[in-house]
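For ligands, and for the atoms within them, numbers begin at 1 and follow the listed sequence.
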Amino acid sequence: MTSSYDPGRRSLLAAGASALAAAGLGGMTDAKAQAAPAATQARPLPPYVSWKNPNNLIVHTATTIETKRSAFGTSVITPADRLYIRNNLPAPDVSIVADRDAWTLAVEGVRGPRTLSVAELKSLGLETLATVLQCSGNGRGYFADKPSGTKWQVGAAGCVIWSGVAVRTVVAALGGLASGGRFMTGTGGERLPDGLDPKSVMVERSVPLSAMEDALLAWEMNGEPLPHAHGGPLRLVVPGYSGVNNIKYIKQLAFTAAETDAAIQKTGYRISPPGQKGDPSHPAVWEMDVKSWINAPAPEAGSPVRAGWVQIHGVAMGGTQAVRRVDVSVDGGQTWQQARLVGPDLGRFAWRQFVLPVKLAPGNYLLASRAQDVKFNWQAESTPENAGGYLNSGWRVHALPVTVT
Ligand SMILES: Nc1nc2c(c(=O)[nH]1)N[C@H]1C(S)=C(S)[C@@H](COP(=O)(O)O)O[C@H]1N2
Ligand SMILES: [Mo]
């Protein structure tokens, strides 16, 4: 769902836009049209994440908590106490992290299927990897049709460093793949509510076998034992794939001939046309698209933006590809300037921070950014509406109206 760069279309848009600007209608009209969704009313943090910093978070519900746009900072990594939370089911009891090394994972679809403890996994290998963890519904709040589900803005995402063992190392230790596996299927360790068909509620997701190459079974995040709220003692990390595919408190990892028929895979998390329930004929929500957004200057930060030099900064990610370039616009996409990528490059699955210094006179601006990956795919101008409101990466709706005084 990425768009290739098309100079023809770009100059056409630019021509139309400068006509608007000449008529004095450019910035202001856009700024009004693009106003961000109303801020959610402050709610207290639920007890299981009481250790997080409420000033940096928007609490939608007890199971959907996002990072404020102004709270991403500029140091690449998102600290655990401000990382978003999304639970499809109530989390397992926190006692599962009392003895982390004793947690077990069943591995199936290999020549020597077995149940391994975290202690055994730790003896098999060690990798460390930075990835963008981003909910499939991040940006849903910017879809015009208001699809149902949490109205995430930009903050159902973060960039974190995981340590664990590579899935391929575990597979090799168990004799390699059994024949016929086409998908990697992970199952969450939640206790399922009584009286419901397990398939209708369980968190079990399948991804194409090719995703195994980069996947990790992680027990550490940002240098700390993986917090229970983020999937500790053990989490499946599928780099470049959206949040739901990164199974927390993973209990089973299976290499399967078919995708799981759990509802969360079969009908949920599908790109289906607006108003239409998902089914297996619709694309599954798997790989993320190239995407970027601006984090500052942001009106929500509270302090006025003063005229003069302003360092416009934000984050850019390429899904499964590295980012090669980011352009920034102060006039809602009529004109663009290339931003500079700043900070350490933590690999193709991490995001990059970018900055563009601009001198701004008093007035209204619409700050936009668009990223390009190393395969020359540009971030789309807009993402088509879909019933679930998934994978919104369109740069236009992510633009930020700012008044400079
Ligand atoms: N076991 C389990 N894994 C899960 C989920 C869940 O509810 N249970 N939610 C998924 C979804 S939809 C997202 S966006 C991410 C959220 O991860 P986080 O809460 O660590 O930010 O976890 C994914 N993995
Ligand atoms: Mo999600």
Side-chain angles (χ1 to χ4, degrees), residues 45-46 48-49 51-52 56-67 72 78-93 96-97 103 105 131-141 147-162 185-193 198 200-207 215-222 224-253 260 262-265 268-271 284-286 288 388-392:
L45 285 170
Y48 74 103
V49 284
W51 53 273
K52 293 205 178 230
N56 294 323
L57 297 164
I58 302 167
V59 181
H60 293 281
T61 68
T63 54
T64 49
I65 301 169
E66 79 170 287
T67 311
F72 285 112
T78 311
D81 69 357
R82 54 182 72 179
L83 183 63
Y84 84 101
I85 285 279
R86 166 69 170 118
N87 287 324
N88 297 67
L89 282 175
D93 193 83
I96 65 170
V97 291
W103 179 262
L105 171 75
T131 76
V132 172
L133 182 69
Q134 178 180 224
C135 182
S136 319
N138 198 29
R140 182 185 288 126
S148 66
T150 304
K151 305 281 182 285
W152 303 109
Q153 299 173 41
V154 295
C159 184
V160 295
I161 302 189
W162 312 98
T185 300
T187 313
E190 285 102 338
R191 200 183 150 271
L192 303 180
S200 70
V201 285
M202 70 197 299
V203 178
E204 184 171 271
R205 289 282 301 173
S206 302
V207 294
L216 213 62
L217 287 160
W219 49 76
E220 187 178 297
M221 191 183 87
N222 292 352
E224 303 283 351
L226 179 57
H228 170 254
H230 292 294
L234 190 69
R235 181 175 197 163
L236 177 64
V237 175
V238 187
Y241 280 61
S242 70
V244 70
N245 303 293
N246 295 254
I247 303 294
K248 302 197 266 193
Y249 3 89
I250 187 167
K251 257 313 203 193
Q252 181 178 285
L253 185 67
T260 169
I264 198 171
Q265 178 91 17
Y269 294 87
R270 297 272 171 183
I271 304 289
V285 172
W286 279 334
M288 296 184 286
Y390 295 125
L391 300 178
N392 191 355

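Of the heavy atoms in Y269, only side-chain atoms (C-beta onward) come closer than 4.0 Å to ligand 1. Heavy atoms from both the backbone and the side chain of N88 come within less than 4.0 Å of ligand 1.
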The test is side-chain contact (heavy atoms from CB on, under 4.5 Å); show your working for I271 and V285 and say whether it passes.
CA-CA 7 Å; I271 304 289; V285 172; 3.9 Å; yes
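Shortest non-hydrogen contact noted between R86 and C135 is CG-SG, 4.5 Å. The two residues L391 and S242 make their nearest non-hydrogen contact at CD2-CB, 4.3 Å. Between M288 and V132, the closest heavy-atom pair is CE-O, 3.6 Å. Annotation for S206 and T260: closest pair OG-N, 2.9 Å, computed over non-hydrogen atoms. Closest of all the heavy-atom pairs between A215 and L236 is CB-CD1, 4.4 Å. A pairwise comparison of heavy atoms in V238 and N246 identifies N-OD1, 2.9 Å as the closest pair.
For atom 14 (S) of ligand 1, the nearest non-hydrogen atom of the protein is Y84 OH, 3.2 Å. At the top of the distance list for atom 8 (N) of ligand 1, counting protein heavy atoms only, stands E190 OE2, 2.6 Å. In terms of protein heavy-atom proximity, atom 23 (C) of ligand 1 is nearest to G243 O, 3.3 Å. Nearest protein heavy-atom contact of atom 17 (O) of ligand 1 is R235 NH2, 2.9 Å. Protein heavy atom in closest approach to atom 3 (N) of ligand 1: K248 N, 2.9 Å. Residue, atom and distance of the protein heavy atom nearest to atom 24 (N) of ligand 1 are N246 O, 3.0 Å.
Those atoms of ligand 1 with a heavy atom of L133 less than 4.0 angstrom away are 17 (O), 20 (O), 21 (O). Which parts of ligand 1 touch V244 is read off a 4.0 Å heavy-atom cut-off, strictly below it: atoms 10 (C), 11 (C), 12 (S), 13 (C), 23 (C). The G188 neighbourhood of ligand 1 comprises atoms 1 (N), with distances under 4.0 Å to a heavy atom of that residue. Close approach of ligand 1 to N87 is summarised as follows: ligand atoms under 4.0 Å from at least one heavy atom of the residue are 7 (O). Below 4.0 Å from some heavy atom of C135 lie the following atoms of ligand 1, by number and element: 14 (S).
Of the residues listed (N245, T187, T185), the one engaging R205 in a side chain to side chain donor-acceptor pair (under 3.5 Å) is N245, and it is the only one.
Annotation: S136 places no N or O atom under 3.5 Å from an N or O atom of ligand 1; distance criterion only. Looking at ligand 1, you'll find an N or O of H230 within less than 3.5 Å of one of its N or O atoms.
For the pair H228 (side chain) and P92 (backbone), a donor-acceptor distance under 3.5 Å is present.
Side-chain contact between R235 and Y249: absent, with no pair of heavy atoms (C-beta onward) separated by less than 4.5 Å.
Between L83 and ligand 1 there is no heavy-atom distance shorter than 4.0 Å.
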